[in-house]
Every structure is written in C-alpha cells, then in structure tokens.
K.L.:
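After the structure tokens below, expect a handful of questions from me.
Keep in mind the model is a prediction, meaning the values are calculated, not measured. Convention: sequence-line order gives letters A, B, ...; per-chain numbering from 1.
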Number of protein chains: 2
Amino acid sequence: MPPANPPLYDESIASGGFRLTRQRREVYGALLETRDHPSAVQVFTRVQKKMPSISLATVYNCLETLTQCGLVRQVNFDRGPSRFCPNTYRHAHFICTRCGVVHDVQLPEAAELARIWCLPDDYVVNEYEFSLRGVCRQCSPGGDEPVTLHPEKPTP
Amino acid sequence: MPPANPPLYDESIASGGFRLTRQRREVYGALLETRDHPSAVQVFTRVQKKMPSISLATVYNCLETLTQCGLVRQVNFDRGPSRFCPNTYRHAHFICTRCGVVHDVQLPEAAELARIWCLPDDYVVNEYEFSLRGVCRQCSPGGDEPVTLHPEKPTP
DNA sequence: CTAGGTGCAAAAGGTTTGCGGTTAA
DNA sequence: TTAACCGCAAACCTTTTGCACCTAG
C-alpha cells in the first residue's frame, strides 16, 4: 500500500505536469519516513523492501522529478554521492566528518542572509547551498577539536 | 621550466611532509595562472601543454596533496566534477547556471558568520562551504530573472 | 488511447587504486 | 640510499541513457 503522503505531494506532482505513480510516492515516502538524508542507493534499498520490482534508475528519475517539483532538495558534499532531503524549508546542512550523519541547520531570515552576500547588483541568485563540515555531538564527547575556519589572509 | 610559485608553495608543501615535485609545481602553477576554477581534467589538459608526460591520476594526486597542504580548495556544485581554486581566503562561490563560470564571492567576518549559524554549542565546525547558483552579468543582460530563494514555510 | 513513466542493461563520466619504474631529499 | 612519487591501466562508484514494455489520465 502506498504511504499516505501529505496533500502537498499530490498537488506538487500534478502542478508540475507530472503523473502520480506509485514509484514516486514510495520514493517520497521513504524520504519522509526517515529523515537522515539518504543517498539514491539508500533510498533504492529502502523502497525495494516495499516494492521489490523498482529499479535504481527509476529511483534516480523519481528523485529528479521530486526535486523539480520542489518537494525534495538534493544536497552535495565534498565526497560521496548526492543525498536527498524532504525539508525544502530554507536551511543549511551540517555533515559529521567522522560518522557521516547529516543534520539540518537553521538559517537566519533571508533578509539577513542577503545582507551578508557581497555580490554585484546585476547578479541574479536563484539558489544557494550552505554546508558545514565538522564533528557532531556523538563523535566528539570531549569537544577536543578546535574550531578552524579558512585562514583570514588572502593568498598571494 | 617550472613556474615560479610564491614561497608559500615551497613552505606549505615541505611543512606538510611532502616532496617538491615538478608535477605539483605545475599543477599549482596552472591554478594560479588562470583562476577560473578548473576541473581536474581541465588542469590536466593545461599542464599537459608544458609537461606532456603527466597523467590524469597524477593531477588528481597533486590536487589532493595541495588541498591537504591548504594551498588549494576543492569546490563542489550540484552537478559536474569538482573544481579547484588557489584562493584559500575565506570566500564563497557563485556559479552561473547558464555559462558555468565560477566567481569568488566575499564573505563577512568569521565572527559574524558564526553568529548567524544556529548550531548547538557542542558541535565543532571545521569547514564550511557556501555556494550560490544563479545567472551572471554576461548571461543576463536585462536582469530578467527574479531572485527566488527557498520557501519561507516549513514542509509538513 | 497515448504520452509519460518504468525496468533493464549498458554506457558514461569522475575518481581511486595497484603496481613497476623513477626521483627528491 | 630509499621512501615517496609518478605514469599507466584497470577498477570502482555514481549517474545517465536507450529502448521495449507498461500505465495513469
């Protein structure tokens, strides 16, 4: 039985001119069910349990469609595959370099964010992505690692 | 003849416990020479002109070493290969979704950045990456596209 | 009905690895 | 001298594509 996705799902899929298929529902359902920012392969493995016939290519296609509908965000980090999250609210991501866990991180109001960009006026920004890399609570019981950001001096 | 890299290069390589090789010098030189955030393959093509015997694997290895030394930053976007830049000063990146050009974008002081992160106290941040996607000056003569960010309302 | 979607398999990148020969220190 | 590094090729992993079949609207 397909998961009962919120009405937002049906609306968004339809308003994007896409068809409501069981595969898309299951893929979206898997993302909603466990919000741990899985990779495409992880989504595939999870959906396979409910729908053994689904293929990896279809999972990629569904994720692409869901992203186009604005239901899903694709998140990329330095290494490893893309990961996907159903939280389309403005937020950043924190990835733990030890255990790989990804957490959503709240961002300030768009107005304040816009203020900190020092971008020429005639540039149009359609999307942004803000990723933090570090060590999470579980992996750093003593908080033993220093906070080191990029150096403050320009390169030659 | 190898390019005359700034002293920072020799120092950083040596202090990292690495050897000064002509390949590393050329790879770093290529990045300094044309600061257009090339991919590994582009770096390979450029270095090949001065050093036809170099291999792509070596370019990848050199970029990895240079990154470890802190001389180079690896930049990842939604799609396409990683790109590399020799500007290790704290900055964000803007990529034009039409022509693919990447520009460095100035960021505010680290202190202000840290203030806007709403991250739990016991998380340690070692690195961050801030990427903007949009349309650059050359590709948007009329500035016809609206600024659209992520929606302001949380998902269900 | 029929355009759009699925499943399969193969291919296409991008990146890493293993190994014998080379070289910086 | 010798551990680190290079060049080559093959492997690996993620993602995309082509095509015949299927299905939502």
K.L.:
Summarise how protein sits on nucleotides 17-25 of chain D as a single string, 5' to 3': B when a protein heavy atom is under 4.0 Å from the base, S for sugar-phosphate-only contact, - for no contact.
P.N.:
B-----BBS
K.L.:
Examine Val27(B) and Leu8(B) and state if one hydrophobic cluster contains both, with Ile, Leu, Val, Met, Phe, Trp and Tyr joined whenever side-chain heavy atoms are less than 4.5 Å apart.
P.N.:
yes
K.L.:
Measure from CZ on Phe77(A) to P on dT14(D) and round the result to the nearest Å.
P.N.:
15 Å
K.L.:
Below the 4.0 Å mark, does dC8(D) have OP1 or OP2 next to a side-chain nitrogen or oxygen of Ser55(B)?
P.N.:
no
K.L.:
Can you pull every protein N or O that's under 3.5 Å from an N or O on nucleotides 10-14 of chain C?
P.N.:
none

K.L.:
Whole angstrom is fine here: how far is it from CD1 in Ile54(B) over to P in dG7(D)?
P.N.:
5 Å
K.L.:
Expressed in angstrom and rounded to an integer, what is the separation of Arg25(A) atom CZ from dG5(C) atom C1'?
P.N.:
14 Å
K.L.:
Using whole Å, what does the distance between atom P of nucleotide dG5(C) and atom CE of Met51(A) come to?
P.N.:
15 Å
K.L.:
Taking NZ, NE, NH1 and NH2 as the nitrogens, is one of them in Arg24(A) or Asp10(A) under 4.0 Å from a carboxylate oxygen of the other?
P.N.:
no
K.L.:
For Arg24(A) and dG4(C), give me the distance from atom CZ to atom P, rounded to whole Å.
P.N.:
11 Å
K.L.:
Over how many whole Å does the gap from Leu56(B) atom CG to dT16(C) atom C1' extend?
P.N.:
11 Å
K.L.:
Base, sugar-phosphate or nothing for Ser53(A)? Non-hydrogen atoms, less than 4.0 Å.
P.N.:
sugar-phosphate
K.L.:
So, Glu26(B) side chain and Gln23(B) main chain: donor-acceptor pair closer than 3.5 Å or not?
P.N.:
no
K.L.:
How close or far is atom P of dC5(D) from atom CG of Leu63(B), stated in whole angstroms?
P.N.:
15 Å
K.L.:
Here's a test of your reading of the structure: between Glu64(A) and Thr65(B), which maps to the more 5' nucleotide of DNA chain D?
P.N.:
Thr65(B)
K.L.:
Output, in order, the C-alpha distance, side-chain angles, deciding distance and verdict of side-chain hydrogen bond (donor to acceptor under 3.5 Å, both in side chains) for Ser12(A) and Ser15(A).
P.N.:
CA-CA 5 Å; Ser12(A) 301; Ser15(A) 72; 5.3 Å; no
K.L.:
What is the distance from atom CG of Leu71(B) to atom CG of Leu31(B), rounded to the nearest 0.5 Å?
P.N.:
10.0 Å
K.L.:
Can you check whether Gln23(B) has a side-chain N or O nearer than 4.0 Å to OP1 or OP2 of dG7(D)?
P.N.:
yes
K.L.:
Are Asp104(A) and Arg73(A) ion-paired here, with the side-chain N under 4.0 Å from a carboxylate O?
P.N.:
no
K.L.:
Going by distance alone, is a donor N or O of one side chain under 3.5 Å from an acceptor N or O of the other, for Gln74(B) and Ser82(B)?
P.N.:
yes
K.L.:
Kindly assign one of parallel, tilted or perpendicular to the pair Tyr9(B) and Tyr28(B), based on the angle between their ring planes and the thresholds 30° and 60°.
P.N.:
parallel
K.L.:
If you take the centroid of each ring, where Trp contributes its six-membered ring, are His93(B) and His103(B) closer together than 6.0 Å?
P.N.:
no
K.L.:
Once you round it to whole Å, what is the distance between P of dT15(D) and CZ of Phe44(A)?
P.N.:
14 Å
